[in-house]
2 protein chains.
Amino acid sequence: MRTSIAPRVSFKAQMLKVREDAIIQVVNRLLAEKGFDAMTVDEVAAGVGIAKASLYKHFPSKEDLAAAAMVKVMRQAQDMCASLPDDAPPLENLRAVTRWTMALKLAGDMPSLPSQNSTLRATLMANHDYMDGLIEVSDRLGAWIEAAQAQGSISKDLPAIAVLYTLYARACDPVLEFLKMGGQYSDEQIITLVMSTCFDGLNARTAPADTAAPTA
Amino acid sequence: MRTSIAPRVSFKAQMLKVREDAIIQVVNRLLAEKGFDAMTVDEVAAGVGIAKASLYKHFPSKEDLAAAAMVKVMRQAQDMCASLPDDAPPLENLRAVTRWTMALKLAGDMPSLPSQNSTLRATLMANHDYMDGLIEVSDRLGAWIEAAQAQGSISKDLPAIAVLYTLYARACDPVLEFLKMGGQYSDEQIITLVMSTCFDGLNARTAPADTAAPTA
DNA sequence: GTCTATAATCAGATAGAC
DNA sequence: GTCTATCTGATTATAGAC
C-alpha cells in the first residue's frame with residue numbers, strides 16, 4: 001500500500017509512533033475485555049504506564065482512543081483480505097476471513113463496541129481511515145459472496161447483504177465466549193464448531209461433510 | 001404454575017403491582033433501546049413519571065431494575081415454551097421459540113445486557129426467579145435438541161450445548177438490527193432470512209427448501 | 001510531552017419533610 | 001410512597017509547572 005522509498009521520519013516521530021502503538025494495544029485489550037463503556041481512561045493510562053493527561057496529548061477524547069483501536073483492527077482485516085489469493089474459490093476466502101475474525105476474538109484482540117453508543121458511532125463514521133477500510137473490506141467480501149453465489153457454493157436464496165452481515169456478526173458472536181467459558185473445547189474446536197453452524201446451519205446434513213465438528 | 005384459589009391481595013398491593021409493572025415496562029424498553037450501561041435511572045423515572053427516589057422504594061438498585069425486566073422476559077419465554085405441544089416434532093418447537101425470540105427483539109422488547117458487566121451478572125445470578133427460569137428453559141430446549149438430533153433433524157455432529165447457545169444468541173443477533181436499519185425488508189422477511197442462515201447455513205442447499213428466503 | 005493537581009460533570013443512591 | 005434537595009463517588013477532561 002505505502003511506498004517503501006525514503007522513510008524520512010525523525011527519531012522523535014518514531015518514538016511517538018511507538019508510544020501510540022503501545023497505547024492502542026492497551027486500548028484494544030481493554031475494549032475486548034470490558035467494552036467501551038466499562039473501559040475508563042484511567043485504566044488505559046495505568047496500563048500504558050503514563051499519566052492520564054499525557055494520553056490526552058495523543059488522543060483528544062476517549063472516543064478517539066477507541067476509534068484508533070478500531071482503525072488498527074480494520075487495517076489488519078484489510079491486510080488479511082489482501083493476502084488471500086484472488087484466484088482461489090471465493091467460498092474458501094470467505095471461510096478464511098471468518099476463521100481469522102473468530103480467532104482474533106477468541107485471542108482477546110477483537111474490540112467490542114456497543115452498537116447503540118451514538119457518540120462513538122459518530123466519531124467512527126467521521127473517521128476516514130476507518131470508513132475507507134470498512135468499505136474496502138465490504139467491497140471485497142461482497143464480490144466474493146456474489147462470486148460464490150454465482151458458482152453455487154453460497155445459497156442464492158440469501159441476499160448478499162444478509163450474507164455479509166452474517167459474516168461480520170461472527171466478530172461479536174457470544175457463542176464463542178460461551179463455549180470458551182465452558183472450558184470444554186479448545187479455541188480450534190470452538191472455531192470449527194461455529195464455522196459449521198455458520199456455513200452448514202444447525203440442520204442435519206444429508207451428506208456428511210469432511211469439515212465435521214468434533215463430536216465430544 | 002400458581003394456584004388460582006383465593007387471590008387474597010389488598011387493593012394497595014394491586015396498585016403497587018401495577019406501578020411496578022409500569023416501571024418494568026419502561027426499563028424493558030430502555031434496555032432494548034440503549035442497553036444497561038447507557039440507560040440512566042433518571043430516564044426510567046422520567047419515563048414512568050415519578051421521582052427517582054420513588055423508584056428506589058420499589059427496587060434497591062439499578063441492577064435490580066434490569067433484573068426485574070429480565071425476569072419478566074424469562075417468564076414470557078417459559079410461558080412460550082410451555083404453550084408448545086410436546087408431541088410436536090422437536091425441531092418445529094425449536095424453530096418456533098427461535099422465531100418468537102427474534103420477533104421480540106425486532107419489536108424492541110428484548111432487553112440487551114452487556115455480557116461483560118460483572119455487577120449485573122452477579123445480581124442476575126443471585127436472582128432465583130431468573131436462574132430458575134433460565135434453567136427450566138434450558139432444560140426444555142436441551143431436551144428438544146437431543147430429541148431432534150436423535151431423530152436426525154438437527155446435526156448430530158454438533159454438541160447439544162453449542163446448538164443451545166446458537167439459539168440463545170439469536171436474542172442479541174446484530175444481523176437483525178442491521179437488516180432492519182437498511183429498511184429494505186419487513187420484520188417477517190428478516191426473521192425468515194435469519195431463520196434460514198441459522199438452521200440451513202450460508203452454504204447452498206442441494207435440495208431447495210420451501211422455507212426459502214425472499215430473493216430481493 | 002510528561003507530570004501533579006484540579007476542575008466540571010454526570011449518575012447512582014439517600015435524607016428527610018409530607 | 002412520593003416528593004425536593006442533596007450527597008457521594010466515579011470519570012472525562014484540562015491547567016499549569018517542569
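- The C1' atoms of five pairs define one axis at each end of the helix from C/dG1-D/dC18 to C/dC18-D/dG1, and these two axes lie 10° apart (to 10°).
- To the nearest 0.5 Å, the span separating CH2 on A/W144 from CG on A/N93 amounts to 4.5 Å.
- Nucleic acid contact for B/K62: sugar-phosphate only, since backbone atoms but no base atoms lie under 4.0 Å from a heavy atom of the residue.
- Between the NZ atom of A/K57 and the P atom of D/dA15 there is a distance of 9 Å, given to the nearest Å.
- Every residue two or more places apart in sequence or in another chain was checked for a salt bridge (Lys or Arg N to Asp or Glu O under 4.0 Å) with B/K57, and none qualifies.
- Contacts of residues 35-46 of chain A with DNA chain D (heavy atom under 4.0 Å): A/M39, A/T40, A/V41, A/D42.
- Here B/D157 contributes atom CG and A/L202 contributes atom CG; the two are 12.0 Å apart, rounded to the nearest 0.5 Å.
- The closest donor-acceptor contact from the side chain of A/T101 to the backbone of A/V97 lies under 3.5 Å.
- A distance-only check finds no donor-acceptor pair linking the side chain of A/Q78 to the backbone of A/G133 [under 3.5 Å].
- Not a single salt bridge (Lys or Arg N to Asp or Glu O under 4.0 Å) links B/E92 to another residue, sequence neighbours left out.
- The CZ-P distance, from A/F59 to D/dT14, rounds to 15 Å in whole Å.
- To the nearest 0.5 Å, atoms CG (B/D129) and CG (B/L134) are separated by 12.5 Å.
- To the nearest 0.5 angstrom, B/S61 atom OG is 7.0 Å from B/Y56 atom OH.
- Checking side-chain atoms of B/R29 against main-chain N and O of B/Q25 turns up no donor-acceptor pair under 3.5 Å.
- Along DNA chain C, the stretch of nucleotides lying under 4.0 Å from any heavy atom of chain B spans, 5' to 3', C/dA11 to C/dA15.
- With sequence neighbours excluded, no residue satisfies salt bridge (Lys or Arg N to Asp or Glu O under 4.0 Å) with B/E20.
- No donor-acceptor pair closer than 3.5 Å links the side chain of A/S196 to the backbone N or O of A/T192.
- Straight-line distance from the CG atom of A/L120 to the P atom of D/dT12: 13 Å, rounded to whole Å.
- OP1 or OP2 of D/dA13 sits under 4.0 Å from a side-chain N or O of A/Y56.
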